[in-house]
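Below is one structure, written out as structure tokens, with a few remarks after it.
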Amino acid sequence: MHSKTPSSLRGDVRAPKTKDQKDTMRPIYDRYRKVKLALNKAKNGSGPSEGDKTPTGGNHLGDTWNVTLGNTSVASGMELINLNPEQLVMKLAELQDSKKSLRKLLRDYEKAFSSKYGRKVLKEDRGPREGDYNEYKKVKAKIRLIETLLKKNDGSQTI
């Protein structure tokens, strides 16, 4: 009987390949990241810093997690889950407008950067617009969440 080395075990476990597999695994990966972050915080004994996610209570998979941005704390999607379909559609339109304006702002920055330096913007070059890039990412995530909630509502109404 021979034992397997860690490198040989990696071949046995594969990352999800298809979109359906990834969608199935996404909540597990999200939860894993949150738990890992909470454990690292507890281990290091540090308080929440800007952009950190911290638990707000509860003890099971349904825990509420907040995103802390400076002095403001925004529930990560919980406020969207409680909205009715009409409110979701209104919020979706609002977020899509915000996404368009942020995308325009970022494209203008990238064009100016490209004309000045003759190359595309790298992650390291985002410094002056880092907050805008992060906001754009969050808006896109909320749009995806709302679209998912609307699909879920459409599916539950047809049954």
Side-chain angles (χ1 to χ4, degrees), residues 13-42 44 46-114 120-159:
V13 180
R14 305 214 189 287
K17 299 266 189 261
T18 66
K19 182 171 176 14
D20 288 339
Q21 290 173 334
K22 289 178 183 177
D23 288 343
T24 303
M25 295 301 292
R26 186 167 286 118
I28 296 168
Y29 287 130
D30 289 344
R31 182 66 179 166
Y32 170 78
R33 280 191 297 274
K34 290 173 184 176
V35 169
K36 187 175 177 182
L37 179 65
L39 288 173
N40 284 338
K41 278 192 180 300
N44 295 336
S46 62
S49 62
E50 189 170 322
D52 288 342
K53 294 179 182 176
T54 57
T56 60
N59 57 5
H60 293 297
L61 291 177
D63 290 351
T64 301
W65 288 80
N66 282 348
V67 177
T68 306
L69 298 169
N71 294 332
T72 60
S73 179
V74 180
S76 62
M78 291 304 292
E79 74 276 2
L80 297 174
I81 292 172
N82 297 324
L83 298 178
N84 65 38
E86 294 81 25
Q87 292 171 322
L88 285 173
V89 170
M90 289 174 35
K91 187 71 173 173
L92 179 62
E94 176 186 317
L95 286 171
Q96 286 172 333
D97 289 342
S98 177
K99 179 184 170 188
K100 282 180 188 177
S101 63
L102 281 168
R103 185 173 50 214
K104 182 181 179 340
L105 181 76
L106 294 174
R107 278 190 185 151
D108 291 345
Y109 170 71
E110 289 170 355
K111 285 179 185 176
F113 184 92
S114 180
K120 288 185 175 184
V121 176
L122 302 175
K123 270 192 172 182
E124 302 85 46
D125 302 322
R126 293 180 177 179
R129 294 284 180 210
E130 189 68 36
D132 294 330
Y133 278 101
N134 289 337
E135 183 64 23
Y136 182 71
K137 184 178 176 181
K138 288 176 188 173
V139 167
K140 283 176 41 176
K142 282 190 176 186
I143 288 172
R144 280 192 307 269
L145 175 61
I146 290 174
E147 288 171 344
T148 302
L149 290 171
L150 288 171
K151 282 182 187 176
K152 181 179 173 186
N153 285 338
D154 288 345
S156 66
Q157 290 174 358
T158 59
I159 296 175

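Just so it is clear, the structure is predicted and the values come from calculations on it, not from any experiment. Residues take their numbers from the sequence shown, with the count starting at 1.
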Is a donor on one side and an acceptor on the other found under 3.5 Å between the side chain of Asn134 and the backbone of Gly131? no
Within this structure, what is the CG-NZ distance for the pair Leu95 and Lys138, rounded to the nearest 0.5 Å? 13.0 Å
OH (Tyr136) and CZ (Arg129) are apart, to the nearest 0.5 Å, by 15.0 Å
Closest contact, heavy atoms only, Asp125 versus Lys120: OD2-O, 4.2 Å
Side chain proximity check, Leu83 to Met90, heavy atoms < 4.5 angstrom: no
Can you measure from CD (Glu135) to OG (Ser101) and round to the nearest 0.5 angstrom? 9.5 Å
Approximate separation, where rounding is to 0.5 Å, of Leu150 CG and Leu145 CG: 9.5 Å
Asp30 and Lys34 ion-paired at < 4.0 Å: no
Who passes salt bridge (Lys or Arg N to Asp or Glu O under 4.0 Å) against Glu94, sequence neighbours left out? Lys91
Measuring from Lys137:NZ to Leu102:CG, what's the distance to the nearest 0.5 Å? 14.5 Å
Measure the spacing between NZ of Lys142 and NZ of Lys99 and express it to the nearest 0.5 Å. 15.0 Å
I'd like a table of donor-acceptor pairs (distance under 3.5 Å, sequence neighbours excluded) in which one partner is a side-chain atom from residues 22-29, with atom names and distances.
{"unit_1": "Asp23", "atom_1": "OD1", "unit_2": "Arg26", "atom_2": "NH1", "d": "2.6"}
{"unit_1": "Asp23", "atom_1": "OD2", "unit_2": "Lys19", "atom_2": "NZ", "d": "3.2"}
{"unit_1": "Thr24", "atom_1": "OG1", "unit_2": "Asp20", "atom_2": "O", "d": "2.8"}

